[in-house]
Amino acid sequence: MQTLNDIPIRHFDALIIGAGGAGLRAALQLANADLSVAVVSKVYPTRSHTVAAQGGINAALANVLPDDWRWHMFDTVKGSDYLGDQDAIEFMCRAAPQAVYELEHFGIPFSRLDNGNIYQRKFGGQSQNFGGEQAARTCAAADRTGHAMLHTLYQKNIQAKTQFFNEHFAVDLLKNEQGGIQGALVFSIETGEPVIIDARSTLLSTGGVGQLFRTCTNALINTGDGLAMALRAGLPIQDMEFFQFHPTGIAGRGMLITEGARGEGGYLVNELGERFMERYAPNAKDLASRDVVSRSIYTEVKEGRGCGPDKDFVYLKLDHLGADVIKKRLPGIRDMCLTFLGIDPIEQAIPIYPTAHYTMGGIPTDIHGRVVAPARHSPEQAISGLYAAGESACVSVHGANRLGGNSLLDILVFGRAAADHMIEYLREHSYHNKFDKASLEQAIAHWKRWDNTENAADKPESVAALRDELRLVMEQHCGVFRTREILSEGVQKVKAIVARFKQAQIQDHSKVFNTARVEAFELENLGECALATIVSALHREESRGAHSRVDFDSRDDQNWMKHSLYYQGADKPEYKPVRTKPLTVDSFPPVERTY
Ligand SMILES: Cc1cc2nc3c(=O)[nH]c(=O)nc-3n(C[C@H](O)[C@H](O)[C@H](O)COP(=O)(O)OP(=O)(O)OC[C@H]3O[C@@H](n4cnc5c(N)ncnc54)[C@H](O)[C@@H]3O)c2cc1C
């Protein structure tokens, strides 16, 4: 086998890092174009977080009520609190029906209406423009949409002969001598052995970083590895201050109760039995967008109207929907309540509280999935050979607040768009270049970091303890409501924790399935993402979408219609303007956002 620096090397046209919906949709497109595609995933592909998506995927199919992609676009722009890039939002909403029909033809078992069409439910932030009735735009496979989607895409990839590197962990991107990206250094979790994947084009689709917060809906694997890899390659990450807190996590545990539960007619009540959302969002009520509902729950609890002995949660009522609707449309939610709470939502209300859910920020891309970074002080430029899609990317369609059902759409549309551009790119770049020596050596040194005991401190820090501390500080200092004081203190604390990483050691240096080593790499990546998030939050002095500053409590379009770009180690972000020009329709200028 060919080696480089004694490490086996494998050659491919395309490397996809991450086998969630975004990575698998891209891989399928590339494999069907007869290109050789490697997909690397640190877990077996069907365990990627996409599998956990419950509620559904948005597309203006108008199967239940009248709808139009332009309404979908407007709702998404408004939901983003006008920070989303309107060219990307138009691109996504126009492509949505096609993306869903394509899935249907791949074989995904969507729930059906009596006439055989795809079932669609109401979701948060969808327009009320059709005789006062809210659109029903979210296509669902019961409450297991992501599961159905991920399994379908995986099977299609097996059919298309995509080459999978399952349970392989990507450590760092590799640069070529021309300054472009040409693959990555990865290692097999099963054997502990490294592999260099030399690919003419690389896509990062590593998902979000929900593990930044102690209470979250995200899988343990969502540690922002791709974001940290981009930072280490000298690239910025964008809009990290915008982190979505989902209003309905199971109180005290964080697991998600889908917005689809409210879409089916569920509603929130406080200790007095009041439907309090009527006060905060008189029109959309419980289906206002997520940032609005989360803040309302916090306010109810803060003002003493919470439920339970400690008055620290509110209830989500579903019992009035009847056993039939719950069993047919929300079977997974019922299972979860029975298993983790010992209650049946057919009879009892569910205790809920907001929980960290979705990373709006990510690696900056254009609508073709190309990673774009302003080469410090010169115009924006695409990084040769590097693409990003899905939750790890920021294209940005979600701006300051994502609408439910738009992420499953984002991963499909931009997974495919990135692959389409990669196919063109590969036609023009037919040779593998030489690796940049420094980049290769740096990656190898990084890979060996956790086996190195040379500078072992007398009392080494523990990876697990550092991770727990980091997640607690992020929860306490970078949560739903923020102030300069709390954030500045948080920045100092996060920096102090990250500085202690140098003294961290792992005790187990064995090779086979050494999860301690994997967790150590993940901790480093969490640290990078924590700094990006909290530093960007400190410097955005306005309230917009999910970023709610008590000391700057309104949106400031004059000064802050811009994306933040954080580079590794920076004390403050750089900024670039929002793309406000759609591709073909008139733009939606910012107006006050009410629901
Ligand atoms: C509980 C829950 C419910 C949700 N429900 C909905 C919903 O109903 N509708 C909706 O639109 N959105 C929903 N979302 C959001 C949506 O599911 C995600 O944003 C989306 O699925 C992310 O897909 P992805 O392909 O970007 O990443 P993921 O599915 O997270 O996949 C990431 C991949 O990257 C791999 N990876 C990461 N790091 C490495 C590394 N270092 N080396 C190798 N591989 C790596 C992982 O193994 C995995 O394969 C939900 C999210 C959660 C958490």
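These figures come from a predicted structure and were not determined experimentally. Order of listing sets the numbers, starting from 1, for every ligand and every atom in it.
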**Q** Return yes when Thr145 approaches ligand 1 closer than 4.0 angstrom through a heavy atom, no otherwise.
**A** no

**Q** N/O of Glu391 under 3.5 Å from N/O of ligand 1, yes or no?
**A**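 For ligand 1, there is an N or O atom that lies under 3.5 Å from one belonging to Glu391.
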
**Q** Where's the contact between Asn406 and ligand 1, heavy-atom distance under 4.0 Å: side chain, backbone, both or neither?
**A**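 Backbone only.
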
**Q** Please determine whether any non-hydrogen atom of Gly146 lies less than 4.0 Å from an atom of ligand 1.
**A**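 No, Gly146 has no heavy atoms under 4.0 Å from ligand 1.
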
**Q** With the threshold set at under 4.0 angstrom, would you say His246 reaches ligand 1 through any of its heavy atoms?
**A**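 His246 does not count as a contact of ligand 1 under the 4.0 Å cut-off.
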
**Q** Measure the distance from atom 28 (P) of ligand 1 to every protein heavy atom, then report the residue, atom name and distance (to 0.1 Å) of the closest one.
**A**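 Atom 28 (P) of ligand 1 sits closest to the protein heavy atom Thr50 OG1, 3.8 Å.
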
**Q** For ligand 1, does Arg402 get within less than 4.0 Å through its side chain, its backbone, both, or neither, judged by non-hydrogen atoms?
**A**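 Side chain only.
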
**Q** Any side-chain heavy-atom pair from Arg370 and Thr365 closer than 4.5 angstrom?
**A** no

**Q** Quick check on Gly56 - does any of its heavy atoms sit under 4.0 Å from an atom of ligand 1?
**A**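 Right, Gly56 reaches ligand 1.
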
**Q** Just by modelled atom types, is the Ala443 backbone N or O under 3.5 Å from a matching donor or acceptor in the Asp172 side chain?
**A**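 No, Asp172 side chain to Ala443 backbone: no donor-acceptor pair under 3.5 Å.
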
**Q** Please report which non-hydrogen protein atom sits nearest to atom 50 (C) of ligand 1, along with the residue it belongs to and the distance in Å to one decimal place.
**A** His357 CE1, 3.7 Å

**Q** If you measure every N/O of Ser41 against every N/O of ligand 1, is any gap under 3.5 Å?
**A**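 In this structure, Ser41 places an N or O atom under 3.5 Å from an N or O of ligand 1.
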
**Q** If only atom types and distance count, is the side chain of Asn401 paired as donor or acceptor with the main-chain N or O of Ala546 below 3.5 Å?
**A** no

**Q** Hey, are the side chains of Trp69 and Glu90 touching, using non-hydrogen atoms and a 4.5 Å cut-off?
**A**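 Yes, their side chains come closer than 4.5 Å.
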
**Q** Which atoms of ligand 1 sit under 4.0 Å from any heavy atom of Ala22?
**A**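 Checking each atom against Ala22, I get 25 (O).
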
**Q** Counting heavy atoms only, which of Ala389, Gly210, Ala170 comes nearest to atom 42 (N) of ligand 1?
**A** Ala170

**Q** Has Arg47 got more than 12 heavy atoms of other residues, nucleotides or ligands less than 6.0 Å from its CZ?
**A** no

**Q** Under a heavy-atom criterion of less than 4.0 Å, does Arg25 contact ligand 1?
**A** no

**Q** With a 4.0 Å cut-off on heavy atoms, is Val43 in contact with ligand 1?
**A** yes

**Q** Out of all atoms in ligand 1, which are within 4.0 Å of some heavy atom of Gly390? Include the element for each.
**A**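 Near Gly390, meaning under 4.0 Å from one of its heavy atoms, ligand 1 has 26 (O).
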
**Q** Below 4.0 Å from ligand 1: does a non-hydrogen atom of Glu522 turn up there or not?
**A** no

**Q** With distance as the sole test, does Thr145 use its side chain to make a donor-acceptor pair with the main-chain N or O of Ala141 at under 3.5 Å?
**A**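 Present.
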
**Q** Can you list the atoms of ligand 1 that are under 4.0 Å from a heavy atom of Thr217?
**A** 1 (C), 53 (C)

**Q** Which of the atoms of ligand 1 are close to Ile411, meaning less than 4.0 Å from one of its heavy atoms?
**A** 21 (O), 23 (O), 26 (O)

**Q** Do the side chains of Arg517 and Ile189 get nearer than 4.5 Å, heavy atoms only?
**A** no

**Q** In terms of residue, atom name and distance, what is the protein heavy atom nearest to atom 53 (C) of ligand 1?
**A**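 Residue, atom and distance for the closest contact: His49 NE2, 1.7 Å.
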
**Q** Okay, side chain of Gln244, backbone of Arg402: is any donor-acceptor separation there less than 3.5 Å?
**A** yes

**Q** So is Ile57 close enough to ligand 1, meaning a heavy atom under 4.0 angstrom away?
**A**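 No, Ile57 has no heavy atom closer than 4.0 Å to ligand 1.
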
**Q** Show the atoms of ligand 1 that are less than 4.0 angstrom away from any heavy atom in Val40.
**A** 43 (C), 44 (N)

**Q** Indicate the ring-plane relationship of Phe245 and Phe213, choosing parallel, tilted or perpendicular according to the 30° and 60° boundaries.
**A**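 Aromatic pair Phe245/Phe213 classed perpendicular.
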
**Q** Answer with side chain, backbone, both or neither: which part of Tyr358 has a heavy atom less than 4.0 angstrom from an atom of ligand 1?
**A** side chain

**Q** Side chains of residues 214-227: which donor-acceptor pairs under 3.5 Å do they make with residues two or more places apart or in other chains?
**A**
| unit_1 | atom_1 | unit_2 | atom_2 | d |
| --- | --- | --- | --- | --- |
| Arg214 | NE | Glu475 | OE2 | 3.2 |
| Arg214 | NH2 | Glu475 | OE2 | 3.1 |
| Thr215 | OG1 | Glu475 | OE1 | 3.4 |
| Thr217 | OG1 | His357 | ND1 | 2.7 |
| Asn218 | OD1 | Gly210 | N | 3.1 |
| Asn218 | OD1 | Asn222 | ND2 | 3.0 |
| Asn218 | ND2 | His357 | O | 2.8 |
| Thr223 | OG1 | Lys42 | NZ | 3.1 |
| Thr223 | OG1 | Ile221 | O | 3.4 |
| Thr223 | OG1 | Asp225 | OD1 | 2.7 |
| Asp225 | OD1 | Asn525 | ND2 | 3.0 |
| Asp225 | OD2 | Lys42 | NZ | 2.9 |

**Q** Distance-only, no hydrogens or angles: does the Arg290 side chain make a donor-acceptor pair with backbone N or O of Glu259 under 3.5 Å?
**A** no

**Q** Please evaluate residues Gln126 and Thr138 with respect to the criterion side-chain hydrogen bond (donor to acceptor under 3.5 Å, both in side chains), reporting the C-alpha separation (whole Å), side-chain torsions for both, the decisive distance (0.1 Å), and the verdict.
**A** CA-CA 9 Å; Gln126 297 177 357; Thr138 307; 2.9 Å; yes

**Q** Do Ala19 and ligand 1 have an N or O pair less than 3.5 Å apart?
**A** yes

**Q** Could you check atom 27 (O) of ligand 1 against the protein and tell me its nearest heavy-atom contact, residue, atom and distance included?
**A**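 Nearest neighbour among protein heavy atoms for atom 27 (O) of ligand 1, to 0.1 Å: Gly207 CA, 3.4 Å.
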
**Q** For His168, take its heavy atoms, then give the atoms of ligand 1 lying under 4.0 Å from any of them.
**A** 42 (N), 43 (C)

**Q** Under 3.5 Å, is there a donor-acceptor pair between the side chain of Thr202 and the main chain of Gly183?
**A** yes

**Q** At a 4.0 Å cut-off, with the gap strictly under it, does some heavy atom of Pro45 reach an atom of ligand 1?
**A** no

**Q** Looking at Arg200, is its backbone amide N or carbonyl O close enough to the side chain of Asp13 to form a donor-acceptor pair, meaning the two atoms are under 3.5 Å apart?
**A** no

**Q** Applying a heavy-atom cut-off of 4.0 Å, say which part of Leu256 lies close to ligand 1: side chain, backbone, both or neither.
**A**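 For Leu256, the contact with ligand 1 is made by the side chain alone.
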
**Q** What protein heavy atom sits nearest atom 16 (C) of ligand 1, and how far away is it?
**A**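 The answer is Ser407 OG, 3.5 Å.
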
**Q** Would Arg112 and Glu104 pass as an ion pair if we require N to O under 4.0 Å?
**A** yes

**Q** Among all the protein's non-hydrogen atoms, which is closest to atom 11 (O) of ligand 1, and how far away is it?
**A** Leu408 N, 2.7 Å

**Q** When you measure from atom 38 (N) of ligand 1 to every protein heavy atom, which one gives the shortest distance, and what is it?
**A**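 Here the nearest protein heavy atom works out to Asp225 OD2, 3.2 Å.
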
**Q** Donor-acceptor pairs under 3.5 angstrom involving side-chain atoms of residues 327-335: please list them, not counting sequence neighbours.
**A**
| unit_1 | atom_1 | unit_2 | atom_2 | d |
| --- | --- | --- | --- | --- |
| Arg334 | NE | Asp344 | OD1 | 3.0 |
| Arg334 | NE | Asp344 | OD2 | 3.3 |
| Arg334 | NH2 | Asp344 | OD2 | 2.8 |

**Q** Should the proximity of Glu259 to ligand 1, defined as any heavy atom under 4.0 Å, be assigned to the side chain, the backbone, both, or neither?
**A**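 The answer is neither; Glu259 stays 4.0 Å or more away.
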
**Q** Measure the distances from the heavy atoms of Gly21 to every atom of ligand 1 and state whether one is below 4.0 angstrom.
**A**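 Gly21: in contact with ligand 1 (<4.0 Å).
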
**Q** Give the atoms of ligand 1, by number and element, whose distance to some non-hydrogen atom of Gly405 is under 4.0 Å.
**A**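 Heavy-atom distances to Gly405 below 4.0 Å select 9 (N), 10 (C), 11 (O).
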
**Q** Can you tell me which residue and heavy atom of the protein come closest to atom 8 (O) of ligand 1, and the distance to 0.1 Å?
**A**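 Here the nearest protein heavy atom works out to Gly55 N, 2.7 Å.
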
**Q** Give the numbers and elements of all ligand 1 atoms closer than 4.0 Å to a heavy atom of Asn218.
**A**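 Atoms satisfying the 4.0 Å criterion: 53 (C).
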
**Q** Quick check against the 3.5 Å criterion: does Asp143 have a side-chain atom that pairs as donor or acceptor with the backbone of Gln54?
**A** no

**Q** For side-chain hydrogen bond (donor to acceptor under 3.5 Å, both in side chains), just list the numbers for Asp291 and His547, CA-CA rounded to whole Å, side-chain angles, deciding distance to a tenth of an Å, and then say yes or no.
**A** CA-CA 9 Å; Asp291 52 340; His547 177 66; over 6 Å; no

**Q** Are any non-hydrogen side-chain atoms of Lys175 and Ile181 less than 4.5 angstrom apart?
**A**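 Touching, per the 4.5 Å side-chain cut-off.
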
